[in-house]
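What follows is a set of notes on a single structure, which appears directly below.
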Amino acid sequence: MIKTNPYHERIQRATARLAQLQARELLATHRQATKAKQAERREHVRRRQRVAELVFVTGAEALDDAELAGALLIHLQSRTDSDVRQDARSIGQAKLDAVIAAA
């Protein structure tokens, strides 16, 4: 009968344990990445819903798609001017306050 070296057995057990721990770590990392991706998706969906709500709150749903897109693009091009941004922000806040007050 062949006698095994106790050191080899310990090394084999340690190697097997290391493989298990590495697998657990890999799974935990994968779970964290999946949770982060899901949270990012949820936030993206919330933002899209909020933008859609704003379209209806402002009455912009009456515009056709091309006109709405054009208005947004014109604003994006001119928003580098801080006065334009501030005016848009104050007009928008006034509209939101009026909607909240009416509710």
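These figures come from a predicted structure and were not determined experimentally.
No single ILVMFWY cluster, assembled from side-chain heavy atoms under 4.5 Å apart, contains both Val99 and Phe56. Ile91 and Val84 fall into different hydrophobic clusters, defined by Ile, Leu, Val, Met, Phe, Trp and Tyr side-chain heavy atoms under 4.5 Å apart, directly or through other members.
The CG atom of Asp87 lies 10.0 Å from the NE2 atom of His75; values are rounded to the nearest 0.5 Å. Put simply, CG on Leu96 and CD on Glu53 are 10.5 Å apart, with the number rounded to the nearest 0.5 Å. To the nearest 0.5 angstrom, Leu72 atom CG is 11.5 Å from Gln77 atom CD. The CG atom of Asp83 sits 11.0 Å away from the OG atom of Ser78 when rounded to the nearest 0.5 Å. In this structure, CG on Leu18 lies 12.5 Å from CD1 on Ile11, to the nearest 0.5 angstrom. Separating the CZ atom in Arg24 from the CZ atom in Arg31 is a distance of 10.0 Å, to the nearest 0.5 Å.
Within a 6.0 Å radius of CG in Asp81, other residues, nucleotides and ligands contribute more than 12 heavy atoms. By the neighbour-count criterion of 12 heavy atoms within 6.0 Å, atom CD of Glu25 is sparsely surrounded, having that number or fewer from other residues, nucleotides or ligands.
Contact check on Glu40 versus Lys37 returns no salt bridge, with no Lys/Arg side-chain nitrogen under 4.0 Å from an Asp/Glu carboxylate oxygen.
With respect to Val45, the side chain to side chain contact (heavy atoms under 4.5 Å, CB included) criterion is satisfied by exactly one of Glu43, Arg42, Gln49: Gln49.
No side-chain heavy atom of Arg50 sits less than 4.5 Å from a side-chain heavy atom of Arg46.
In terms of modelled atom types and a separation under 3.5 Å, the side chain of Arg85 and the main chain of Arg79 share a donor-acceptor contact.
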